[in-house]
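So the structure is just underneath, and the comments pick up after that.
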Amino acid sequence: MVEAPAITPVVAELAARFAAEGKRLYLVGGSVRDAVLGRPTNDFDFTTDARPAEIQKLLSGWADAQWDTGIAFGTVGASKQGEIIEITTFRADVYDGVTRNPEVTFGDNIDGDLVRRDFTVNAMAFDIAASEFVDPTGGLQAARDGVLDTPATPQESFGDDPLRMLRAARFVSQLGFTAAPRVIEAMRSMAGELARITPERVQVELSKLLCGAHPRRGIELMVETGLADIVLPELTAMKLEIDEHHQHKDVFDHSLVVLEQAIDLEEVDQSPDLVLRIAALLHDIGKPATRKFEAGGGVSFHHHEVVGAKMVRKRLRALRYSKEITEDVAKLVYLHLRFHGYGNGEWTDSAVRRYVTDAGDLLTRLHKLVRADCTTRNKRKANLLKRTYDSLEERIARIAAEEDLARVRPDLDGNEIMKLLGLAPGREVGAAWKFLKELRLDRGPLDRDEAEAALLDWAREQGITPPAP
């Protein structure tokens, strides 16, 4: 017995209002799917046989507010007692086969509306007044079986909207489903059609995939079908490389393990960390470009973190990620190997300060990424790496408590520098500030006399003559 979706009093009242005028109101799409799967949802969409003008009339005098920003697509929005409601007239759209923008056509029955949708598990509706499911494409059984299939043939569905192929990978990630064999085959043969989709649309789907409960499944499906060659070709390149530290795995598989381990380190009460997940997936993106075969049969990837950071910037910009996300991921990729110079704790306090300062607000994410990057099967080696990183975090905590590492600044500010050296605002003041910051990182906090003496010595070396005291 499938549990019916939870209907609020507001929705029940609205359905009764539609029924009184001889119109039907259906809950449709993801909210029905999630109810069938027992998943929580706060995204409710409705469809109806009423035309947009009729919807507006039915809402008038009942809704607290209504809007028509989507009315060209048959959608009318409203709010009632804090609940947001969006109602769309049955659609029977026709796609032009060039763009993913359909010619909007209104339909006359619920079955016609449902069969045009992307996947059978999203092609179910719930008749609110009758309290019964409408399932013309077998979505209920597909949900029980955990299978992702299309209402029409996959070729027809993906030809209408190629983004649906990437949505298939996204739903595999979010729901833990398996794509039907015919869906996989169509994705393989039609992957190139993704070129019709704007980078912004691709980025949204990729982000949702990475933030799903099973991102590895979605990523593997992308690579298996060739979607990754279009969206994120660096993934396929990594699949061919052997990691010099983990020769039992290729870099692609290693990166997926790092992703899973990074997810395990996320706070359970927080939303998925998109920046951490992208960084974990792409932290070794630079290895294919830096691979070198060494004498004796070894393989090295020197400076792959530097190359990787540049590649990350290029790829994320192409996918229209925000500047903040792009730079945060690139910095994590650049820094992810820094810890391996720590050895058995040989770093000076100065090196620890620089590690913290260079990471900045990303320090917590960097901790997680570095820990997740240990995928060795050698338990002794894994435990040693864990203990070593534990000791680094302890040192960071100790120095931070003593010196407030979160706000490392020179011991003299810009105004004090200008006054002491007799300078006007300009490049020389910036150079002096940078010198004092480097000194602060090397030696820790200085008292005022020490800072002033060091600055005066530096100024003389630079040919700057301070004013007489």
Salt bridge or not between Asp349 and Arg398? Use side-chain N to carboxylate O under 4.0 Å. yes
Do the side chains of Lys331 and Asp358 get close enough for a salt bridge, i.e. N-O under 4.0 angstrom? no
Before you tell me yes or no, could you show the steps for Asp160 and Arg116 under salt bridge (charged side-chain N to carboxylate O under 4.0 Å, His left out), namely the whole-Å CA-CA distance, both residues' side-chain angles and the distance that decides it to 0.1 Å? CA-CA 10 Å; Asp160 284 345; Arg116 71 178 183 84; over 6 Å; no
Return the set of residues passing side-chain hydrogen bond (donor to acceptor under 3.5 Å, both in side chains) with [X] (not counting sequence neighbours), or none when no residue passes.
X: Glu305; value: none
X: Glu266; value: Arg277
X: Glu234; value: Arg315
X: Glu267; value: Lys368

Would you say that [X] contacts [Y] through its side chain, given a criterion of any heavy-atom pair below 4.5 Å between the two side chains?
X: Arg188; Y: Glu224; answer: yes
X: Phe46; Y: Ile85; answer: yes
X: Leu114; Y: Arg117; answer: yes
X: Glu193; Y: Arg164; answer: no
X: Ile396; Y: Leu363; answer: yes
X: Val147; Y: Gln141; answer: no
X: Leu259; Y: Ile219; answer: yes
X: Leu148; Y: Val183; answer: no

Tell me every residue that passes ring-ring contact (aromatic ring centres under 6.0 Å, His included) with Tyr355, counting only those two or more places apart in sequence or in another chain. Trp347
Partner residues of Tyr321 under the ring-ring contact (aromatic ring centres under 6.0 Å, His included) criterion, sequence neighbours left out: none
Could you tell me the separation between the [atom1] atom of [X] and the [atom2] atom of [Y], rounded to the nearest 0.5 Å?
X: Arg395; Y: Asp390; atom1: CZ; atom2: CG; value: 14.0 Å
X: Met187; Y: Leu227; atom1: CE; atom2: CG; value: 4.0 Å
X: Leu332; Y: Ile278; atom1: CG; atom2: CD1; value: 10.5 Å
X: Leu282; Y: Leu316; atom1: CG; atom2: CG; value: 6.5 Å
X: Asp284; Y: Thr290; atom1: CG; atom2: OG1; value: 9.0 Å
X: Lys386; Y: Ser391; atom1: NZ; atom2: OG; value: 11.0 Å

Does Ala142 have any side chain to side chain contact (heavy atoms under 4.5 Å, CB included) partners at least two apart in sequence or in another chain, and if so, which? Thr120, Val121
Apply side chain to side chain contact (heavy atoms under 4.5 Å, CB included) to Thr8 and list each qualifying residue two or more places apart in sequence or on a separate chain. Val10, Val11, Glu83
Go through Leu281 and Leu256 one step at a time and tell me if the side-chain contact (heavy atoms from CB on, under 4.5 Å) criterion holds. CA-CA 6 Å; Leu281 179 64; Leu256 293 182; 3.9 Å; yes
Report the C-alpha distance between Glu327 and Lys323 in whole Å, list the side-chain angles of each, state the deciding distance to 0.1 Å, and finish with yes or no for side-chain contact (heavy atoms from CB on, under 4.5 Å). CA-CA 6 Å; Glu327 290 305 313; Lys323 181 178 179 181; 4.2 Å; yes
Could you pull out all donor-acceptor pairs under 3.5 Å where a side-chain atom in residues 26-34 meets a protein atom, sequence neighbours excluded?
unit_1 : atom_1 : unit_2 : atom_2 : d
Ser31  : OG     : Val28  : O      : 3.4
Arg33  : NH1    : Asn122 : OD1    : 2.6
Asp34  : OD1    : Arg39  : NE     : 3.0

Residue pair [X] / [Y]: nearest heavy atoms and the distance that separates them:
X: Thr236; Y: Val223; result: OG1-CG1, 4.5 Å
X: Pro151; Y: Arg182; result: O-NH2, 4.5 Å
X: Val429; Y: Ala424; result: CG2-O, 3.4 Å
X: Ala280; Y: Leu369; result: CA-CD1, 3.7 Å
X: Leu385; Y: Cys374; result: CD1-SG, 3.6 Å
X: Ala195; Y: Ile230; result: N-CG2, 4.4 Å

Which donor-acceptor pairs under 3.5 Å do the side chains of residues 208-216 make with protein atoms, sequence neighbours left out?
unit_1 : atom_1 : unit_2 : atom_2 : d
Arg216 : NE     : Glu220 : OE2    : 3.0
Arg216 : NH1    : Glu260 : OE1    : 3.3
Arg216 : NH2    : Asp253 : OD1    : 2.5

Check the surroundings of atom [atom1] in [X]: do more than 12 heavy atoms from other residues, nucleotides or ligands lie under 6.0 Å from it?
X: His303; atom1: NE2; value: no
X: Lys80; atom1: NZ; value: yes
X: Gln270; atom1: CD; value: yes

The test is side-chain hydrogen bond (donor to acceptor under 3.5 Å, both in side chains); show your working for Thr88 and Thr75 and say whether it passes. CA-CA 4 Å; Thr88 302; Thr75 301; 2.7 Å; yes
Is it true that a side-chain atom of [X] and a backbone atom of [Y] form a donor plus acceptor pair closer than 3.5 Å?
X: His336; Y: Val333; result: yes
X: Asp229; Y: Pro233; result: no
X: Arg217; Y: Ser173; result: no
X: Arg320; Y: Ala318; result: yes
X: Ser207; Y: Val204; result: no

Any pair counted as ring-ring contact (aromatic ring centres under 6.0 Å, His included), so long as it reaches residues 149-196, sequence neighbours left out: Phe119-Phe171
Do any pairs count as a ring-ring contact (aromatic ring centres under 6.0 Å, His included) and have a residue in residues 373-398, sequence neighbours left out, and if so which ones? Phe339-Tyr389, His367-Tyr389
Under the side-chain contact (heavy atoms from CB on, under 4.5 Å) criterion, do His340 and Leu337 qualify, and how do the steps go? CA-CA 6 Å; His340 294 286; Leu337 282 186; 3.6 Å; yes
Residue pair Met238, Lys287: steps toward the side-chain contact (heavy atoms from CB on, under 4.5 Å) verdict: CA-CA 7 Å; Met238 286 193 291; Lys287 282 191 169 179; 5.9 Å; no
Give a yes or no on whether the ring-centroid distance for His304 and His283 is below 6.0 angstrom. no
